[in-house]
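If you read the sequence from its start, that first residue is 1, and numbering goes on from there. As the structure lists them, so they are numbered: ligands from 1, and atoms in each ligand from 1.
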Amino acid sequence: MGDEGERNMRPPIRVAVTGAAGNIGYALLWRIASGDCFGKNQPIILQLLEIPPGMQRLEGVVMELRDSAFPLLHDIIGTEDSSLAFKDADAIFLVGSRPRTKDMDRADLVAANGPIFVGQGKAINMVASRNVKVVTVGNPCNTNALIASANATDIPSQQFTAMTRLDQNRAMGQMALHANVTPAKVLDVFIWGNHSNTMYPDPRFATIDGRKATDVFDSEWLQGPFLETVATRGKAIIVSRGASSAASAASAAVDHMRDWWQGSNGRIVSIALPSEGWYGVPKGLVFSFPCTCEAGKIKVIEDLPIDSYTQLKIDENIAALLEEREAVSDLL
Ligand code: NAX
């Protein structure tokens, strides 16, 4: 980097990633360190959290990050202490938690992972930057974001989000494939609700190379194979790969945080965040809405028309998330 490049550099920001030695971490850290998320003139200090059984793997990950000699990567901290990992963090990726295994249902997953987010919410409250932006990836991510936020009482709840961007990207990928265009031609399809198989990819405002998606595709495909493929993609990846989505999840986490940090250029993006009663979603439920991002702020698009099919899908997601909230009421 020449002198000119160095002069344009900003002071480093602190980016915390939990579960950093896991599968998603292994893809995510390289994308963050290369500048894909926060910009090519934004130096980074990575603050990586693991639990004791993951610490040896984390040491190897830190060695490999150093061996990648990223110009933007100013420092790396690897720790099992959440108050060090979240100290002054400007952005946090909450990835660490148990992935669902074949023998677990959703209730088991909520019970296994919920408590993690109590401690992490409290630690974030104590030591993170007051402007911190948090994306929750670890499942069940909507409810885990709710738990973390409820335990971080001094930080505005809207700074805690959950990731439904992978569902959006899956929807874009399927539309691109079906219309035989590149994904760049697919705009403004977004996700309502929970990151689970009840999520709903809304095609009504989407465009494919400038044409309305609802003109390009028939409703049988949209409500049948399209919806089914997006909703069950996580399972299909597990069956095929023998492991849950990792690189695509990391890529979606980068997209989520990049758009929040740098703006979505007017495009609609899917972000799950605590409802303020939008579209009849009970206040506080962490629900995926159509959003735009500008100057580091998320804005929910509040006035889209809702037809009866979409309402049905929104209601299904409200019911599922209320049930999850009830199951963790002692953690809130
Ligand atoms: P891995 O099991 O490979 O890695 C998880 C890592 O988290 C492990 O290294 C583990 O030691 C660490 N960990 C566990 N508890 C921790 C804690 N309390 N503090 C810090 N670290 C902790 O799972 P991976 O494939 O990376 O998936 C991580 C999470 O993402 C899972 O909950 C998974 O279900 C979820 N996913 C979420 C997606 C989404 O779209 N929101 C999609 C992909 C993925 O399924």
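- A side-chain N or O of N194 and one of E324 form a donor-acceptor pair less than 3.5 Å apart.
- Proximity of I116 to ligand 1, defined as any heavy-atom pair under 4.0 Å, is confined to the side chain (atoms from C-beta onward).
- Residue-level proximity to ligand 1 for H195 is carried by the side chain, the only part with a heavy atom below 4.0 angstrom.
- Put simply, CG on N125 and OG on S149 are 9.5 Å apart, with the number rounded to the nearest 0.5 Å.
- Here S97 has heavy atoms under 4.0 Å from ligand 1 in both its backbone and its side chain.
- For the 3.5 Å distance criterion, the side chains of T310 and W192 fail to qualify, holding no donor opposite an acceptor.
- The closest approach between R57 and ligand 1 falls below 4.0 Å for a heavy atom of the residue.
- For atom 16 (C) of ligand 1, the closest non-hydrogen atom on the protein side is I51 CG2, 3.5 Å.
- The CD1 atom of I314 sits 12.0 Å away from the OG1 atom of T198 when rounded to the nearest 0.5 Å.
- For ligand 1, the atoms sitting less than 4.0 Å from at least one non-hydrogen atom of C141 are 41 (N), numbered in the order shown with element in parentheses.
- Among T18, T79, N139, the residue whose heavy atom lies closest to atom 33 (C) of ligand 1 is N139.
- Close contacts between ligand 1 and G19 involve ligand atoms 6 (C), 7 (O), 12 (C), 20 (C), 21 (N) [criterion: under 4.0 Å to a heavy atom].
- Heavy-atom separations between R165 and ligand 1 are all 4.0 Å or longer.
- Each of the atoms 39 (C), 40 (O), 41 (N) of ligand 1 lies under 4.0 Å from some heavy atom of M163.
- One finds the CG atom of L49 at 11.5 Å from the CD1 atom of I77 (value rounded to the nearest 0.5 Å).
- The distance from ligand 1 to the heavy atoms of A249 drops below 4.0 Å at these ligand atoms: 42 (C), 43 (C).
- If you check the side chains of N113 and N144, you find no donor sitting under 3.5 Å from an acceptor.
- Among V61, L109, L166, the residue whose heavy atom lies nearest to atom 42 (C) of ligand 1 is L166.
- Close to ligand 1: S245, with a non-hydrogen atom less than 4.0 angstrom away.
- Residue contacts with ligand 1 leave out A246, since none of its heavy atoms falls under 4.0 Å from the ligand.
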